[in-house]
Amino acid sequence: MHHPLRAATSVALNLALNLALNLALRLALTAPFPFAARAQAPVAALTGLVSSAEEAAMEGVLVSATRVGSNITVTVVTGAEGRYAFPASRLGPGQYTLAVRAVGYQLDQPRESENAIEINPIEAPDQKAATKDLRLGKSKDLAAQLSNGEWLASIPGSDRQKDQLLNCVGCHTLERIVRSKYDSEGFLTQILPRMQSYVQQSLPIHPQLRPAERLMEERGEDRIQIYRAAADYLSTINLSTTEQWKYALKTFSRPKGRATRVVYTEYDLPRAEIAPHDVIVDKNGIVWFSSFGEQNLGRLDPKTGKVTEFAYPKHRADFPTGSLGLRADAAGNLWLGNMYQATIVKFDPGSEQFQFWTLPAERNIDSAQINMVSPRSSHVDGKVWTQNNGFAGVHRLDIATGKIETWEPFKGAPKGESHNIYDVIPDSQNNAWFTDFRQGQIGRIDARTGEVSLFQTPTPRSAPRRGNMDAQDRLWFGEYRGDRIGMFDTRTKAFSEWKLDTRWSAPYDVVLDKNEDAWTGSMVTDQVTRLNTRTGETIDYLLPRSTNIRRVFVDDSTTPVSFWVGSNDGASIVKVEPLD
């Protein structure tokens, strides 16, 4: 797959490495810590200094190496002394290209030959690692390097005005908006109606039309006023009246300290249309992913980078394709929500066979949308929960009989009060807990009585999105519009919240690891955040490329733990391995 960002900053390296022998060079990967100073740093295969005219040693520069012909890229980060080091275990023999991420900078070598290096096979234990110093120059197009979060920090406007742009980043970047030349009337009559006509699993290269209006979104004249205000605002931040933006472009700081002690591995998928919305790892270390816009379940072997896709049929011929929530049951079966196909999907990895359940006819309306299927506690009573985004409903499937029950917790809500049941997460007794994205509530459905209870999050307009239940029946969730990680103890009925350091972090999902660290990812900032829930300390790991993060997954079987996420509009899967 062709990646412009990598191609624009690539340099050729030929690494003929004999990894069977020990290398003498041992490097510290970043600024020393008390415990790190005592430990031996890993043997390096390739190392170098990153500098620029402005900085003699540049901390926090991401350096990526991709072997020619491979879909696997390894990335490390320069430490306080400006040095990067690729562990010998991560780079095999071959020809590589290098790329960097350092906002405001780009590689300064004008000719490929100046960046080439020949590495002979290692023939003696005391032979040094390959070295390649990198010189960076100022970027010629800073705007092309900004994350969505940096655009939000740069553009003028109130928080309320900027907040509406969080609705846009699911399908495309904000750069598309600020570079456009539409005036207010153009936005009002052309762009906004067209954008609203697409389903959320659309990509610029794969748009799909919405089959019907969500029942909760019928707002009549209110929509015209909302569109007008949005159109007026958007025309003030783009290039409709000027050749250059009238505001300064602001950037976030590069990683420092512990945020540089990390190794990334990124796996490019074989087609640009693949949108790996949810990524999970099974007990055998195999990676599975849902395809947001296509009728495929994907499998990745992280050892080889091989990708296999398992296709499944449509159940509504003329409706949008693609699945969202991918979760496993206690037996290791994989379950999917087939969205506008209004179908619950089960896949047995052993037999590689699918099983399907469709909604009852009276519930299978055009706006029906099954996003999140939650089988985590189905072994308790043989039942699986899911939600319906078409009319703010919750369903429960009896696996043995195929019977589907339905709850509508907000059916009696006052006119004009909208609700969006975004995720449903069962506890250890298979009671259903759900997030109300619009009104900032956490809801509960008692599995035995069917009784519904509601609990308001402490932060107004927090927009709780996706979540996970831990072993203590505590629900961890992302507060998308509140820049917070939320936790609701389902036993004590108490909330806890942690505010993230970066404005417009917009956390989508949260999972707790074995060390009581909570992990989340941003659709906006290209950052993965690790929260120490005991101290409140956070670490923001900047990803090597622009990454639209959705579902997050932590593999507790590794030490330290490993974090996995899909780049939903970048057709890749990313593994994040902190070094401490």
Side-chain angles (χ1 to χ4, degrees), residues 167-168 170-171 192-203 206-224 226-227 275 277 290-295 312-325 335-345 356-374 384-397 404-424 432 434-439 441 443 445 452 463 465-466 480 550:
N167 297 325
C168 305
C171 298
L192 295 179
R194 191 169 76 209
M195 295 299 102
Q196 182 62 24
S197 71
Y198 295 138
V199 293
Q200 63 268 44
Q201 62 262 47
S202 293
L203 294 175
H206 186 207
Q208 299 190 77
L209 291 175
R210 188 181 297 277
E213 191 72 36
R214 296 179 187 176
L215 298 185
M216 60 192 175
E217 289 185 349
E218 293 178 349
R219 288 182 257 177
E221 291 300 317
D222 289 345
R223 170 165 296 172
I224 302 301
I226 293 171
Y227 275 15
H277 193 286
S290 62
S291 187
F292 200 31
E294 300 177 317
Q295 297 291 106
Y312 47 91
K314 295 181 181 180
H315 288 84
R316 299 206 286 187
D318 298 325
F319 282 68
T321 56
S323 59
L324 204 158
W335 295 73
L336 292 159
N338 202 185
M339 301 188 77
Y340 283 100
Q341 295 293 313
T343 302
I344 297 170
V345 180
F356 308 96
W357 294 266
T358 57
L359 291 177
E362 70 274 12
R363 296 295 182 180
N364 203 1
I365 60 177
D366 285 353
S367 64
Q369 186 182 341
I370 301 298
N371 292 346
M372 310 295 184
V373 178
S374 297
V384 171
W385 293 94
T386 184
Q387 48 70 263
N388 195 317
N389 211 225
F391 57 86
V394 176
H395 304 294
R396 181 169 64 174
L397 164 71
I404 294 179
E405 304 168 87
T406 300
W407 282 260
E408 294 185 66
F410 306 111
K411 191 172 184 178
K415 184 177 180 180
E417 180 181 288
S418 60
H419 295 266
N420 181 341
I421 297 178
Y422 199 90
D423 199 4
V424 58
F434 59 86
T435 57
D436 178 10
F437 187 74
R438 289 286 176 83
Q439 299 301 324
Q441 300 175 106
I445 300 176
V452 176
R465 205 155 187 175
R466 287 192 71 170
Y480 186 68
R550 306 298 178 93

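Starting from 1, each residue takes its place in the sequence as its number.
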Colleague: Check whether any side-chain N or O of Q341 sits under 3.5 Å from a backbone N or O of H315 as a donor-acceptor pair, and report yes or no.
Modeller: yes
Colleague: So, do W357 and V384 sit near enough that their side-chain heavy atoms are less than 4.5 Å apart?
Modeller: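 No, every pair of side-chain atoms sits at 4.5 Å or beyond.
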Colleague: Contact between W335 and L397 at the side-chain level, heavy atoms closer than 4.5 Å - yes or no?
Modeller: yes
Colleague: List the atom of Q387, the atom of Y422, and the distance in Å for their closest heavy-atom pair.
Modeller: NE2-O, 3.6 Å
Colleague: Using atom types as modelled and distance alone, determine if a side-chain donor or acceptor of Q439 lies under 3.5 Å from a backbone N or O of S418.
Modeller: yes
Colleague: Is there a side-chain contact between V199 and P211, using heavy atoms and a 4.5 Å cut-off?
Modeller: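 SC-SC contact between V199 and P211 confirmed.
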Colleague: So, do F391 and T406 sit near enough that their side-chain heavy atoms are less than 4.5 Å apart?
Modeller: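 Result yes, sub-4.5 Å side-chain heavy-atom pair found.
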Colleague: If you take all heavy atoms of P409 and A392, which pair is closest and at what distance?
Modeller: CD-O, 3.7 Å
Colleague: Measure up the F434 and F410 rings against each other and bin them: parallel (under 30°), tilted (30 to 60°), perpendicular (over 60°).
Modeller: perpendicular
Colleague: Can you sort out the partners of D436 under side-chain hydrogen bond (donor to acceptor under 3.5 Å, both in side chains), two or more places apart, ordered by chain and number?
Modeller: H419, Q441
Colleague: Does either side chain, that of R210 or that of Y340, offer a donor lying less than 3.5 Å from an acceptor on the other one?
Modeller: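 Short answer, yes.
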Colleague: Search all heavy atoms of V424 against all heavy atoms of M372 and return the closest pair with its distance.
Modeller: CG1-O, 3.9 Å
Colleague: If the test is side chain to side chain contact (heavy atoms under 4.5 Å, CB included), which one of N364, T321, T358 qualifies with R316?
Modeller: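 By the side chain to side chain contact (heavy atoms under 4.5 Å, CB included) criterion, R316 pairs with just one of N364, T321, T358: N364.
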Colleague: Output yes when a side-chain donor or acceptor of Q201 lies under 3.5 Å from a complementary backbone atom of G322, and no otherwise.
Modeller: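 Here the side-chain-to-backbone pair does not exist.
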Colleague: Quick one: do S323 and Y312 satisfy side-chain hydrogen bond (donor to acceptor under 3.5 Å, both in side chains)? Show the steps, please.
Modeller: CA-CA 11 Å; S323 59; Y312 47 91; 3.1 Å; yes
Colleague: For N338 and Q295, does a side-chain donor sit closer than 3.5 Å to a side-chain acceptor?
Modeller: yes
Colleague: Taking side-chain hydrogen bond (donor to acceptor under 3.5 Å, both in side chains) as the definition, give me every residue that meets it alongside S197, ordered by chain and number, with sequence neighbours left out.
Modeller: none
Colleague: Measuring only between side-chain heavy atoms, which start at C-beta, is H395 closer than 4.5 Å to L359?
Modeller: yes
Colleague: Considering residues at least two apart in sequence or located in another chain, which fulfil the side-chain hydrogen bond (donor to acceptor under 3.5 Å, both in side chains) criterion with T435?
Modeller: none
Colleague: Looking at every heavy atom in both S202 and Q208, which two are closest together, and how far apart are they?
Modeller: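 Nearest pair, atom of S202 first, then Q208: OG-N, 2.9 Å.
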Colleague: Just by modelled atom types, is the G170 backbone N or O under 3.5 Å from a matching donor or acceptor in the R550 side chain?
Modeller: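 Confirmed, R550 side chain pairs with G170 backbone.
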Colleague: How about L324 and F292: do any of their side-chain heavy atoms sit closer than 4.5 Å?
Modeller: yes
Colleague: To the closest 0.5 Å, what do you measure between CD (E405) and CH2 (W385)?
Modeller: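 With rounding to 0.5 Å, CD (E405) is 7.0 Å from CH2 (W385).
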Colleague: Ignoring hydrogens and geometry, is there a side-chain-to-backbone donor-acceptor pair from N388 to V394 under 3.5 Å?
Modeller: no
Colleague: For D366 and F319, what are the C-alpha separation, side-chain angles and deciding distance, and is it a side-chain contact (heavy atoms from CB on, under 4.5 Å)?
Modeller: CA-CA 9 Å; D366 285 353; F319 282 68; 3.4 Å; yes
Colleague: So do the side chains of N389 and Q200 get within less than 4.5 Å of each other, counting heavy atoms only?
Modeller: yes
